[in-house]
Structures are given as structure tokens and as C-alpha cells.
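Starting from 1, each residue takes its place in the sequence as its number. All ligand and atom numbering here is 1-based and tracks the order in the structure.
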Amino acid sequence: MSAQPLYRHLDELPPWNDQSQVLECVAVLPETHNVKTFCFKSPDESWFRYLPGQFITLELPVGGDCIHRTYTLSSSPSRPLLICITVKRQPESLGSRWLFDEVDVGSRLKAYGPAGIFSFHHHAAEKYLFVSAGSGITPMMSMARWLFDNGRHSDVTFINCARRPSEIIFRAELERMAARVPSFNLAWIVSEADPYSVWTGYRGRLNGLMLELIAPDYFDREIFCCGPAGFMQGLRDALNAAGYDMERYHEESFLAPVGAPGELDEPDDVIPDENKKACIRFAKSDREAYCHETDTILDVAKGIGLTIPSGCQFGVCGTCKVRCLAGETHMVHNGGIRDEEIADGYVLACCTKPIGQVDLDL
Ligand SMILES: Cc1cc2nc3c(=O)[nH]c(=O)nc-3n(C[C@H](O)[C@H](O)[C@H](O)COP(=O)(O)OP(=O)(O)OC[C@H]3O[C@@H](n4cnc5c(N)ncnc54)[C@H](O)[C@@H]3O)c2cc1C
Ligand code: FES
């Protein structure tokens with residue numbers, strides 16, 4: 001029997017695609033006391049094709065149910081044989097706790113993707129400012145790794161905020177990059193020092209004054225930001241107050257914006273009316289449900305016992321995509337669906353509301 005060759009050129013391997021795929025865990029790396037990186041390969045040896053900053057959605061068998069959770073790829077497509085996600089364990093949670101407790105080398109998981117539009121690929125610039133807090137560092141790390149691996153020594157200022165120095169994720173690797181690339185400027189901001197160790201870097205919360213000190217030329221930079229809602233709001237406020245061109249500011253949220261999806265900006269075409277009745281027909285299941293125009297398709301399906309797989313529930317991850325066969329709908333998404341898919345009749349069930357009678361391919 002001939003053994004598999006150890007090395008094969010990339011163009012001899014099939015690419016991973018955006019259908020449901022199995023991943024096999026090849027490493028679990030502790031990053032901080034509550035953050036781990038999980039690295040996966042494709043069992044059929046395909047290579048990973050994605051943009052720095054994109055995410056995948058994992059199907060996790062938690063407590064007899066299947067739940068979906070979305071994670072940004074912290075790895076870079078410049079090393080295409082593995083993908084890595086870097087996960088913060090949330091207290092009292094389902095998905096991240098399950099990953100920490102159950103996933104080890106050899107574990108297999110189903111995954112969907114890659115997807116997402118938060119990438120410098122869509123916003124080419126001479127200079128970048130990457131600002132992150134906590135696990136929001138993951139898309140920035142993917143973009144920084146890609147720039148570093150490609151020898152494109154772009155002008156990057158990289159700011160990361162953490163509670164304590166020991167909670168800074170990827171610190172050693174980022175410091176190594178900054179030591180080798182003069183145009184890669186790195187700044188950490190922590191809220192408090194670790195006990196019994198000296199911290200001489202920035203301390204406190206990122207504000208306009210600190211931004212001026214760290215990146216005096218930030219007006220010339222395309223800005224990417226990822227972190228908790230309050231953190232991103234703080235940066236937006238500081239930039240707005242300074243008169244920064246917000247067309248050049250891009251952010252990714254890991255959690256639903258407060259009030260989502262109902263309080264997101266509504267386009268002024270059809271506005272769902274809470275006093276108007278609607279009806280959804282689930283064609284394949286041969287079921288029908290009466291509801292209000294302000295109910296989401298996801299909630300209505302759940303209400304009659306039909307499961308539509310869902311992850312983020314605010315229109316980012318694309319897990320809840322369903323095809324609308326007839327009728328009018330109102331969708332306010334956050335980038336989780338492509339224009340071609342919308343043209344083909346697809347909607348995201350978590351952020352789509354029925355107007356009148358709607359038929360779904362479900
Ligand atoms: C586009 C996208 C990219 C993401 N990338 C990453 C990533 O790279 N790394 C990562 O660790 N997570 C990432 N997430 C978040 C991830 O999908 C899960 O939401 C997170 O792991 C929590 O899921 P859980 O099942 O553990 O918690 P759940 O059981 O869903 O929630 C438990 C509790 O924790 C709270 N909670 C959930 N998430 C957070 C949070 N991020 N911060 C504070 N409180 C929270 C909930 O409000 C709830 O009270 C991303 C999310 C999105 C939409
Ligand atoms: S659940 Fe993520 S887009 Fe609907």
C-alpha cells in the first residue's frame with residue numbers, strides 16, 4: 001500500500017467551500033486564563049480560502065441540541081492548510097464553555113462558511129489603524145498576520161485594550177512582528193496592572209487624547225474596530241467629535257446591538273406595522289402560522305415548533321438563511337447575506353419580517 005505523500009502543492013488540493021464542512025481539531029492552545037485557540041484542518045486535506053477578517057459558524061452538539069456559534073478566523077489565509085479560531089470562555093454560557101470542555105485534538109465539528117465583510121480587502125488603504133478590545137482582537141490578528149506573511153509592510157497602528165497585561169491575547173507574536181517591521185506600531189492599553197509586575201504602558205480607557213498620542217496621523221488611516229458595544233461607541237464618539245471621515249471607519253460586533261433587530265435603521269420602503277396581521281406558509285413542512293408584521297420569521301417558526309438553525313440572531317452570520325417563494329418581506333441585516341442571494345429570493349430569518357402573506361421553502 002502506498003503512503004499518502006507528505007507534501008502536495010496547493011493547486012493539487014481542492015479548496016474548502018462555503019457548504020457545510022467537517023473540521024478536525026489539530027491543536028488547542030491556551031492564550032490567557034480564559035482564552036484558547038482551536039486549530040482545525042480539513043479531514044479531506046482541502047485548503048482554506050477566505051479573506052483576513054472573515055468568520056465561520058460552528059455547529060455544536062450541546063446537551064442533545066445543535067446550537068450554532070460564529071467565530072472569526074484568527075489565522076491568516078497566507079497559511080491555508082489550517083484555520084484557527086480564538087475563543088473567550090463566557091461564564092454561564094453554552095457554546096464557548098462546550099468548546100473549552102469538549103473539544104480536543106481529534107474532535108470533529110461541522111462548520112459553515114467562511115463569510116463576513118469585515119476585511120481590509122474591501123477597503124484598500126495606505127495606512128491602517130486596527131483597534132480592538134478583548135477577543136475583538138481576532139479579526140485584527142488575521143489581517144496583521146496576512147500583511148506580515150505577505151511581506152507587505154503596510155503602515156499599521158495596532159491598538160489592543162485588555163483588562164490586565166496577562167489578558168492580552170497574542171502579545172508575544174505581535175511584539176515579534178512589531179520588532180521586525182518598523183511600520184507596524186503596537187500599543188497596549190490596560191485597565192489595571194497585574195499584581196507584583198510592573199506595567200509601563202498605557203493605562204485606562206481609550207479616549208481621543210490617547211488616540212492622538214498613539215496614532216497622531218489617525219486622520220490618514222482607514223480604521224477597523226472590534227470589541228464590546230460600549231468600547232466601539234466610545235471610539236465612534238471620539239472620532240465623530242474630532243471630525244474624522246466615518247466612511248473610513250469599519251466595525252464588527254460579536255453581540256447584537258442593543259435593541260436589535262427592531263431598532264436598527266429601517267430603510268424607508270415597507271415598514272412593518274405592529275397592528276397588521278401576516279401569515280407565513282412553510283411549504284415543505286405544510287404548516288401555516290398567523291402572526292404580526294413585526295414578528296421575525298425565526299420567532300414565528302420557533303413558535304410552531306419548526307427549527308431554523310440560527311447563530312448570532314442579528315443578521316451577521318448567515319446561518320438562518322431561508323428561501324422566500326412568494327410574498328413581500330422586510331429585512332434589515334448586518335452583512336450576513338450577499339446581494340446575489342437576495343436576488344435569488346433568500347432572506348435571513350432572524351431579521352426578516354413578513355408583510356401580508358409569505359410562502360417559504362421550508
Ligand atoms: C461575527 C462574529 C464573530 C465572532 N468572533 C468571536 C471570536 O473570534 N471569539 C470569541 O470568543 N467570540 C466570538 N464571537 C462570539 C461568539 O459567537 C459567541 O457569541 C460567544 O462565544 C458566546 O457564546 P456562548 O454560547 O458561549 O454564550 P451564550 O450561551 O450564547 O451566552 C451566555 C451569556 O454570555 C453573554 N455573552 C455572550 N457573548 C458575549 C460576549 N462576546 N461578551 C460578553 N458577554 C457575552 C450573553 O449575553 C449571555 O448572557 C463572534 C460573534 C460574531 C457574531
Ligand atoms: S442567526 Fe445569524 S444571521 Fe440570522
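When hydrogens are left out, the protein atom nearest atom 22 (C) of ligand 1 is Gln90 CG, 3.7 Å; that is the closest non-hydrogen contact. Annotation: atom 50 (C) of ligand 1 to nearest protein heavy atom, Thr70 O, 3.1 Å. For atom 11 (O) of ligand 1, the nearest protein heavy atom (residue, atom name, distance) is Lys88 N, 2.8 Å. Ranking the protein heavy atoms by distance from atom 23 (O) of ligand 1 puts Arg69 NE, 3.4 Å first. Of the protein's non-hydrogen atoms, Ser93 CB, 3.2 Å is the one closest to atom 27 (O) of ligand 1. Remark: minimum distance from atom 21 (O) of ligand 1 to any protein heavy atom is reached at Tyr71 OH, 2.7 Å. In terms of protein heavy-atom proximity, atom 46 (C) of ligand 1 is closest to Leu255 CD2, 5.0 Å. For atom 53 (C) of ligand 1, the closest non-hydrogen atom on the protein side is Phe254 O, 3.8 Å.
The option from Thr138, Thr86, Val87 that lies nearest to atom 9 (N) of ligand 1, judged by heavy atoms, is Thr86.
Counting the atoms of ligand 1 from 1 in the order shown, those under 4.0 Å from a heavy atom of Val316 are 1 (C).
Between Phe224 and Phe118, the ring planes are perpendicular. Angles over 60° get that label, and only those under 30° would be called parallel. Using a 30° and 60° split on the angle between ring planes, His9 and Tyr7 fall in the perpendicular class, above 60°. Using the six-membered ring where Trp is involved, Phe120 and Phe130 have ring planes that are tilted, between 30° and 60° apart.
Taking the charged nitrogens against the carboxylate oxygens, Arg8 and Glu12 have no contact shorter than 4.0 Å, which rules out a salt bridge. Taking a cutoff of 4.0 Å between a charged side-chain nitrogen and a carboxylate oxygen, Asp217 and Arg221 qualify as a salt bridge.
Heavy-atom neighbours of Asp101 CG from other residues, nucleotides or ligands within 6.0 Å: above the threshold of 12.
Ligand 1 has no N or O atom lying under 3.5 Å from any N or O atom of Glu252, backbone or side chain. Where the criterion is an N or O separation shorter than 3.5 Å, residue side chain and backbone included, Pro91 fails it with respect to ligand 1. Remark: ligand 1 and Phe55 share no N or O pair separated by less than 3.5 Å (distance only, no angle test). Taking distance alone, with nitrogen or oxygen atoms compared against 3.5 Å, Glu92 stays at or beyond that limit from ligand 1.
The two residues Thr157 and Ala215 come nearest to each other via the heavy atoms CG2-CB, 4.1 Å.
A cation-pi arrangement is absent between Arg79 and Phe48 under the rule of less than 6.0 angstrom and at most 45 degrees off the ring axis.
Around atom 4 (Fe) of ligand 2, protein N, O or S atoms at less than 2.8 Å comprise Cys320 SG, Cys350 SG.
With Asn185 as reference, Asp155 is the one residue of Leu129, Asp155, Ile159 to meet the side-chain contact (heavy atoms from CB on, under 4.5 Å) rule.
Inside a 4.0 Å radius of atom 43 (C) of ligand 1 there is at least one protein heavy atom.
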